[in-house]
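Here is the naming used below: chain letters follow the sequence lines, and residue numbers restart at 1 for every chain. Side chains are part of it too, since the values below use all heavy atoms of this structure and drop only hydrogens, waters and symmetry mates. Being a predicted model, the structure only gives us computed values, none of them experimental.
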Amino acid sequence: MAQKPSIPKGTRDFSPQEMVRRNYIFDTIKKVFQRFGYLPIETPAMENLSTLMGKYGDEGDKLIFKILNSGDFKSGVDMNLEAKQLTNKISEKALKYDLTVPFARYVVQHQSEITFPFKRYQIQPVWRADRPQKGRYREFYQCDADVIGSNALINEVELTQMIDDVFTTLKVPVVIKINNRKILGGIAEVIGEKEKIITITVAIDKLDKIGADGVIKELQENGISEAAIQKLQPLIEFKGTILEKVNFLKGLLSSSEIGVKGIEEVEYIFKTVEALKLNTAEVELDITLARGLNYYTGAIFEVKANVGTLSSSICGGGRYDDLTGIFGLPNMSGVGISFGADRIYDVLNEMNLYPESVAASTKVLFVTFGEAEQNYCLPLLAQVRKAGINSEIYPDAGAKMKKQMGYADDKKIPFVCIVGSDEMQSGMLTLKNMSSGEQEKIRIEDIIQKLK
RNA sequence: GUGGCCAUAGUUCAGUUGGUUAGAAUAUCGGUUUGUGGUACCGAGGGUCGUGGGUUCGAGCCCCAUUGGCCACCCCA
């Protein structure tokens, strides 16, 4: 037997049923993006390697899928070079790792054509050479909405509303966790470890996984002073409402200019969101939230489903004050969010949250007994289709009824129109409702009326 | 990059202390039923047991290697 064909690790095929469900998610997200005034763009699957390298940290660089140069890629190259240097010699393109960096590149490249603030959305696959596991794929879709060229916090508020709108429509209960990089900076400053902000935030981020003791241990191991840890401790253990947290932080960070700024921002966002009222999503101020530290400078968002077994985030985002600076366009502030369509799909699947209408496509199947009947049906079929009704005819003339009915049953087609010699003579077609089993003699015009 | 678990039909799995033609369910196709699907009954096809090596008279089962999958860490959508 020949080797069974397969696809690369961490990638998936999607069946018709899966595609219908995925499109439902994409459509929902797209509609919300458009409702808030975001317009679509697309960028290539591959970027120049130099565009991507160094934007996601050392870990990220390793996870970028590099594309081997075409032709004799080893010509004139010293193959004994270190892996990292060799990569740059034999690869100059790579699959995109996210949508934000290509977007930044797009903005810089097309800056003279763009009116700012620029609100764009982008729904495309990205690739990461990660080791796959639950909710983690090597090829997956991100659905990004970003606004660039505006410092206003109203953007953060609107993004929160968009998250709420999407998950309300999809009927997924979620909690939106919000933090601010400036608060994290303020904390590091206040405890006298300003330089080690990344170490500190990465450790605090693990709080709900390894507990307060674990966090303290990790801080010690990473050379954070005892004095600093002691100052940090009440903060780690603080519990309360958003307002209580804000007030607590105000006291704690009063000596840090950046910290105070961060609290002000967060306070504005929460107060405005609360005044406007969300539909179903919960919001939470989570100072342990530390993500995308390589470029976020202000607000940080993360969304988790309140149902199901998937513990990783299904949406994330934040503000970056200078993402385009690295491509030569400084002082361009942006804020955005990214929905993980594949993880959302997993949650909806697990919870069985698809509306009925997501299943059916074809409304009616013409069932015939031979070529004469088929020929009779073809103009009727055209008529039905012209009326905008999804319909099909069983293509093989003379196939057994059992076969044709089974086809309709399998495709969950709600109606079949049976045409034999009687029907051809009288023009009264037999329309059968597949779920109730009832059938009636009816004219084609009435079928169209009924199914429209 | 580190660690754990697993690998038998398209799919989900059984397979006794190692023993002769590797089973079931489900799916597919056909029949009972040539103008009526979902149910029922009958039948068929489909496997060099992930791959390579070793131990043994004999390996789906034991040993080694390798590849792939799932899960956790790291990181992230």
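- Looking at heavy-atom distances under 4.0 Å, A:Cys143 makes no contact with the nucleic acid at all.
- A salt bridge links A:Lys450 with A:Glu440; the closest basic N to acidic carboxylate O contact falls under 4.0 Å.
- For the side chain to side chain contact (heavy atoms under 4.5 Å, CB included) with A:Leu285, the qualifying choice from A:Ile178, A:Ile269, A:Val266 is A:Val266, the only one to do so.
- Distance CZ (A:Arg131) to C1' (B:C5): 13 Å, rounded to an integer number of Å.
- The only option from A:Tyr345, A:Tyr141, A:Phe14 that meets the ring pair (Phe, Tyr, Trp, His ring centres under 6.0 Å) definition with A:Phe26 turns out to be A:Tyr141.
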| request: Spell out protein contact along nucleotides 34-45 of chain B as letters: B when the base is contacted, S when just the sugar-phosphate is, - when no protein heavy atom is under 4.0 Å; keep the 5' to 3' order. | output: -BBBB-------
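- Contact of A:Arg343 with B:C76 (side chain to base): a donor-acceptor pair of N or O atoms is detected under 3.5 Å.
- For A:Ser312 and A:Gln133, each mapped to the nucleotide of RNA chain B holding its nearest heavy atom, the one lying further toward the 5' end belongs to A:Gln133.
- Across the strands present, B:U56 finds no partner; the criterion is a Watson-Crick or G-U wobble pair with both atom distances under 3.5 angstrom.
- Scanning both residues, A:Lys9 and A:Pro132, for their nearest heavy atoms gives CG-CG, 3.5 Å.
- Ranked by how close their nearest RNA chain B nucleotide is to the 5' end, A:Lys9 and A:Gly340 are led by A:Lys9.
- Taking atom C1' in both B:A9 and B:A25, the straight-line distance is 12 Å, to the nearest Å.
- Here the separation of B:G38 from B:U33, taken at their C1' atoms, is 15 Å to the nearest Å.
- Rounded to whole Å, atom P of B:C75 lies 12 Å from atom OH of A:Tyr97.
- Here the C1' atom of nucleotide B:C74 and the CG atom of A:Asp205 are 12 Å apart, to the nearest Å.
- Spacing of C1' atoms, B:U8 relative to B:C13, comes out at 9 Å, to the nearest Å.
- Proximity of the aromatic rings of A:Tyr121 and A:Phe339 is defined here by a centroid distance below 6.0 angstrom, and this criterion is not met.
- Between the side chain of A:Arg319 and the main chain of A:Thr297, no donor-acceptor pair closer than 3.5 Å is present.
- Under the Watson-Crick or G-U wobble criterion, with both distances below 3.5 Å, B:U2 is paired with B:A72.
- Nucleotide B:C75 holds its C1' atom 11 Å from the NZ atom of A:Lys62, rounded to whole Å.
- Across the C1' atoms, B:G52 and B:U67 are found 10 Å apart, a figure rounded to whole Å.
- Going from the C1' atom of B:A59 to that of B:G19 covers 10 Å, rounded to whole Å.
- In terms of polar N and O atoms assigned as donor or acceptor, the side chain of A:Arg136 comes within less than 3.5 Å of the base of B:C75 in a complementary pairing.
- Rounded to whole Å, the separation between the C1' atoms of B:C63 and B:U56 comes to 12 Å.
- The pair A:Asp130-A:Arg138 does not count as a salt bridge, with every side-chain nitrogen at least 4.0 angstrom from each carboxylate oxygen.
- Straight-line distance from the CD1 atom of A:Ile198 to the C1' atom of B:C74: 15 Å, rounded to whole Å.
- Using a 4.0 Å heavy-atom criterion, one finds that A:Lys304 contacts no nucleic acid atom at all.
- Salt bridge A:Lys55/A:Asp98: absent, no basic N to carboxylate O contact under 4.0 Å.
- Rounded to whole Å, the distance from NZ on A:Lys134 to P on B:A72 is 7 Å.
- For B:A25, the paired base is B:U11 (Watson-Crick or G-U wobble, both distances below 3.5 Å).
- Looking at A:Thr362, its side chain never comes within 3.5 Å of a backbone N or O of A:Val364 through a donor-acceptor pair.
- Look at the C1' atom in both B:A7 and B:U12: the space between them is 14 Å, to the nearest Å.
- Taking atom C1' on both nucleotides, B:A22 is separated from B:U48 by 13 Å, rounded to a whole Å.
- B:A40 and B:U32 make up a base pair, with Watson-Crick or G-U wobble contacts both under 3.5 Å.
- Nucleotide B:C76 holds its P atom 18 Å from the CG atom of A:Asp342, rounded to whole Å.
- Taking atom CG of A:Asp98 as the reference point, atom P of B:C76 lies 12 Å away to the nearest angstrom.
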